[in-house]
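Excluded from the calculations below are hydrogen atoms, water molecules and symmetry mates; all remaining heavy atoms, backbone and side chain alike, are included. Below, chain A is the first sequence line, B the second, and so on; all start at residue 1. None of the values given here were measured: they were computed from a predicted structure.
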2 protein chains.
Amino acid sequence: MSARRLARILTRMYAEEMEGHMEPAQFGLLQMMEHMQHCTQAGLANALYMDKTTVSRDVAVMKKRGWVEGGRGGLRVTPIGRRLLADAMPHWQRAQKRLRKALGDDEWQALFAAMRAVGAFFPVGAV
Amino acid sequence: MSARRLARILTRMYAEEMEGHMEPAQFGLLQMMEHMQHCTQAGLANALYMDKTTVSRDVAVMKKRGWVEGGRGGLRVTPIGRRLLADAMPHWQRAQKRLRKALGDDEWQALFAAMRAVGAFFPVGAV
DNA sequence: GACAGGAAGTTGTACATACAACTTATAACC
DNA sequence: GGTTATAAGTTGTATGTACAACTTCCTGTC
């Protein structure tokens with residue numbers, strides 16, 4: 001299973017570009033939270049293919065830091081969280097560019113197509 | 001970063017197929033240990049793009065269980081470990097087949113090609 | 001052979017991840 | 001409206017993951 005190896009490589013590269021702004025996992029959660037209307041932990045877990053208990057603990061950290069607020073059936077990114085997300089975004093985009101440049105357009109397309117395909121064939125609850 | 005999402009999906013699918021024989025990470029380490037001559041923790045970390053401290057703790061667990069023995073400059077899979085690895089192998093292969101069938105040959109090839117490409121462009125120590 | 005430098009390995013801390021089991025809140029049914 | 005079933009969320013436990021700092025071992029140099 002080199003999928004986790006892939007994840008380790010890219011997580012480290014992205015984390016390096018993020019320069020301590022936040023963890024890649026937190027970025028993913030915040031971003032998803034932002035473009036989900038009426039967000040719940042279960043919804044996040046569903047969308048990101050995470051376990052609900054993982055989301056619970058990740059959200060707990062971000063709540064403690066004031067990045068996120070609200071409970072059952074109404075999770076929101078706070079203004080502070082939104083600001084941090086905006087600050088982190090260019091770093092994220094730099095990481096994306098770095099990866100795309102390293103791979104070339106063809107490999108890049110292939111990678112994302114493959115990731116989408118895996119997501120499509122293993123929908124939540126059907127694993 | 002959907003790479004970790006991909007890893008979560010496949011890790012769960014593989015773990016499900018493994019039916020409690022061992023964790024996917026342990027399988028990867030044992031397998032690599034087997035086809036490395038003169039294996040060290042640092043060598044494993046290098047090959048699998050893991051941190052040496054991660055390998056240290058994973059190996060510690062497997063040593064405690066008697067799957068692995070030896071220290072500095074001479075890590076070996078024990079007969080017990082070899083046996084478990086052999087038992088787990090068909091489960092692993094079933095997971096591989098399941099993934100390949102779900103994706104189709106083209107997507108499968110694309111996925112592995114992309115994973116190889118990422119590995120090639122982010123060699124150890126150059127991230 | 002002594003010493004310094006670097007490689008290998010361990011430990012403290014923190015976050016990521018998930019399964020099992022539990023609690024709590026919501027909704028459906030009577 | 002009360003009961004129950006289900007969804008949502010939390011907590012216990014275990015593993016995976018990595019950074020920083022430390023210890024330990026080996027090797028090259030004098």
Side-chain angles (χ1 to χ4, degrees), chain A residues 1 3-16 18-30 32 36 38-65 67-75 124-125 127, chain B residues 1-16 18-30 36 38-65 67-75 124-125 127:
Chain A
M1 251 265 295
R4 279 215 321 294
R5 184 173 183 274
L6 173 73
R8 284 192 294 267
I9 293 174
L10 296 188
T11 298
R12 272 201 234 175
M13 192 273 278
Y14 275 71
E16 182 192 329
M18 298 289 275
E19 291 171 11
H21 281 269
M22 59 178 67
E23 296 301 318
Q26 295 168 338
F27 184 87
L29 281 166
L30 279 181
M32 182 62 72
M36 269 177 75
H38 205 67
C39 177
T40 64
Q41 290 190 14
L44 286 172
N46 202 54
L48 296 171
Y49 209 92
M50 296 168 74
D51 192 84
K52 60 179 180 167
T53 66
T54 305
V55 174
S56 176
R57 291 183 215 264
D58 291 355
V59 165
V61 170
M62 295 194 285
K63 268 187 184 172
K64 190 177 334 188
R65 295 183 185 170
W67 303 357
V68 161
E69 64 187 359
R72 272 178 141 76
L75 215 50
V124 175
V127 177
Chain B
M1 248 263 297
S2 29
R4 279 214 322 293
R5 185 172 183 274
L6 173 73
R8 285 192 294 267
I9 293 174
L10 296 188
T11 298
R12 272 202 233 175
M13 193 272 279
Y14 274 71
E16 182 192 328
M18 298 291 273
E19 290 171 10
H21 281 269
M22 60 178 68
E23 295 301 319
Q26 295 168 339
F27 184 86
L29 281 166
L30 279 180
M36 269 176 75
H38 204 67
C39 177
T40 64
Q41 291 190 13
L44 285 172
N46 203 54
L48 296 170
Y49 209 91
M50 296 168 76
D51 193 85
K52 60 179 181 167
T53 66
T54 304
V55 174
S56 176
R57 291 183 215 263
D58 291 354
V59 166
V61 170
M62 294 194 285
K63 269 186 183 171
K64 190 176 338 186
R65 295 183 185 170
W67 303 357
V68 161
E69 65 187 359
R72 272 179 140 76
L75 216 50
V124 176
V127 177

Contact check, side chains of B:Leu29 and B:Met50, non-hydrogen atoms, under 4.5 Å
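Counting from C-beta outward, B:Leu29 and B:Met50 do come under 4.5 Å.
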
Starting at atom [atom1] of [X], determine the distance to atom [atom2] of [N], rounded to an integer number of angstrom.
X	N	atom1	atom2	result
B:Leu44	D:dG16	CG	C1'	15 Å
B:Leu75	C:dG9	CG	P	8 Å
A:Arg5	D:dT17	CZ	P	13 Å
B:Leu30	D:dG16	CG	C1'	15 Å
B:Met62	D:dA14	CE	P	18 Å

Would you say the side-chain atoms of [X] pair up with the backbone N or O of [Y], donor to acceptor, closer than 3.5 Å?
X	Y	result
A:Arg4	B:Leu10	no
B:Ser2	B:Arg5	no
A:Lys52	A:Leu44	no

Is there a side-chain polar atom (N or O) of A:Thr40 under 4.0 Å from OP1 or OP2 of D:dA8?
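Checking A:Thr40 against D:dA8: no side-chain N or O falls below 4.0 Å of OP1 or OP2.
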
Can you tell me if the side-chain N/O atoms of B:Gln41 get under 4.0 Å from OP1 or OP2 in C:dA7?
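It does not, given that no N or O in the side chain of B:Gln41 lies less than 4.0 Å from OP1 or OP2 of C:dA7.
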
Could you run through nucleotides 14-25 of chain C and give me one letter per nucleotide, 5' to 3': B if any protein heavy atom sits under 4.0 Å from the base, S if only the sugar-phosphate is that close, - if neither?
-SSBBBB---BS

Taking all non-hydrogen atoms of both residues into account, name the closest pair between A:His21 and A:Trp67 and its distance.
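Where A:His21 meets A:Trp67 most closely, the heavy atoms are O-CH2, 4.4 Å.
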
Would A:Arg8 and B:Leu48 count as a side chain to side chain contact (heavy atoms under 4.5 Å, CB included) here? Give the steps.
CA-CA 9 Å; A:Arg8 284 192 294 267; B:Leu48 296 170; 4.0 Å; yes

